[in-house]
Amino acid sequence: MKILELELNLYKRLALNNIRHFKLTLKEIVQLILGTNASGKSSILYELSPLPANHKSYHKGGKKRILIAHNNKTYELISDFKDGQDHYFIVDGENLNVGRTVTIQKELVKEHFGITFETHELLLGHEQFTRMSPSRRRELFTMLCIVDYTYAIKLYKKIQESLRDT
């Protein structure tokens, strides 16, 4: 996955610095973003994700647009907050999110890029395995694993019930 462009309109975290429109075109392999404390560097990093934008992070009429090249396809992902919440998942000119819902957008991002909110939080260090409860770690490891443990968990619970009954 290669991010080609990020565009943010009326993004609240940049509005503190009187930035209403922000466009980042990534042309080099390594990019450097400089700024003073609280200028929005981490916020920009957070938005460099194919996940749909959170409407709470944008003023009314705000918009996030990200352009991605992946597996010889061009993806244009848009979260538009002009009239409510509209999300577009455009692959080579065709919108796959016909209903423009955030739920379908998240599913499409997971299907095409393998990214979920949980993996995004882990990658950015907002959630850390060392600070999680054992049950949360187990939940995340199970989610990240490609093996379906449904049958094994059902069998384990059945054996556990049987043992308890005896």
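Count residues from 1 along the sequence.
You'll find the side chain of Leu67 reaches within 4.5 Å of the side chain of Thr74, heavy atoms only.
Note that OG1 of Thr101 is 8.0 Å distant from CD of Gln105, once rounded to the nearest 0.5 Å. Note that CG of Leu108 is 6.5 Å distant from CD1 of Ile104, once rounded to the nearest 0.5 Å. Note that CG of Asn97 is 11.0 Å distant from CD1 of Ile78, once rounded to the nearest 0.5 Å. To the nearest 0.5 Å, atoms CG (Leu77) and CG (Leu51) are separated by 9.5 Å. Separating the CD1 atom in Ile3 from the OG1 atom in Thr25 is a distance of 12.5 Å, to the nearest 0.5 Å. The line from CG of Asp80 to NZ of Lys82 is 7.5 Å long, rounded to the nearest 0.5 Å.
Ile19 and Ile44 fall within the same hydrophobic cluster, where Ile, Leu, Val, Met, Phe, Trp and Tyr residues are linked whenever their side-chain heavy atoms come under 4.5 Å apart, directly or through other members. In the hydrophobic clustering of this structure, Leu4 does not group with Met1; members are Ile, Leu, Val, Met, Phe, Trp, Tyr whose side-chain heavy atoms approach within less than 4.5 Å, directly or through other members. Hydrophobic clustering of Ile, Leu, Val, Met, Phe, Trp and Tyr side chains at less than 4.5 Å, counting indirect connections, keeps Tyr88 apart from Ile66. Linking Ile, Leu, Val, Met, Phe, Trp and Tyr whenever their side-chain heavy atoms come within less than 4.5 Å puts Leu24 and Leu14 in one cluster.
Considering every non-hydrogen atom in both Ala38 and Asn17, the closest pair reads O-ND2, 3.6 Å. Nearest heavy atom pair, residue Ala53 against residue Ser79, reads N-OG, 3.0 Å.
Within 6.0 Å of CZ in Arg137 there are more than 12 heavy atoms belonging to other residues, nucleotides or ligands. No more than 12 heavy atoms of other residues, nucleotides or ligands lie within 6.0 Å of CG in Asn37, so this atom counts as exposed by the packing criterion. Heavy atoms of other residues, nucleotides or ligands lying less than 6.0 angstrom from CZ of Phe117 number 12 at most.
Applying the salt bridge (charged side-chain N to carboxylate O under 4.0 Å, His left out) test to every pair with at least one member in residues 44-69, sequence neighbours left out, gives these pairs: Glu5-Arg65, Glu7-Arg65, Glu47-Lys64, Arg65-Glu76. Annotation: salt bridge (charged side-chain N to carboxylate O under 4.0 Å, His left out) contacts involving residues 96-125, sequence neighbours excluded, comprise Asp86-Arg100.
Applying the side-chain contact (heavy atoms from CB on, under 4.5 Å) criterion to Gln85, with sequence neighbours excluded, gives His55, Phe81, His87. When the ring-ring contact (aromatic ring centres under 6.0 Å, His included) test is applied to Tyr75, the partners found at least two apart in sequence or on another chain are Phe89, His112, Phe113. Residues that satisfy the side-chain hydrogen bond (donor to acceptor under 3.5 Å, both in side chains) test with Ser135, not counting sequence neighbours, are Ser133.
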I'd like a table of donor-acceptor pairs (distance under 3.5 Å, sequence neighbours excluded) in which one partner is a side-chain atom from residues 27-34, with atom names and distances.
| unit_1 | atom_1 | unit_2 | atom_2 | d |
| --- | --- | --- | --- | --- |
| Gln31 | NE2 | Glu28 | O | 3.1 |

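When atom types are taken as modelled, the side chain of Ser162 and the backbone of Ile159 share no donor-acceptor pair closer than 3.5 angstrom.
Between Arg164 and Glu161 there is no salt bridge, since no side-chain N of the basic residue sits under 4.0 Å from a carboxylate O of the acidic one.
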Going through the checks in order, is the side chain to side chain contact (heavy atoms under 4.5 Å, CB included) test met by Tyr11 and His21?
CA-CA 8 Å; Tyr11 185 54; His21 178 84; over 6 Å; no

Could you walk me through whether Lys12 and His59 pass the side chain to side chain contact (heavy atoms under 4.5 Å, CB included) test, one step at a time?
CA-CA 6 Å; Lys12 286 182 180 178; His59 291 290; 3.6 Å; yes

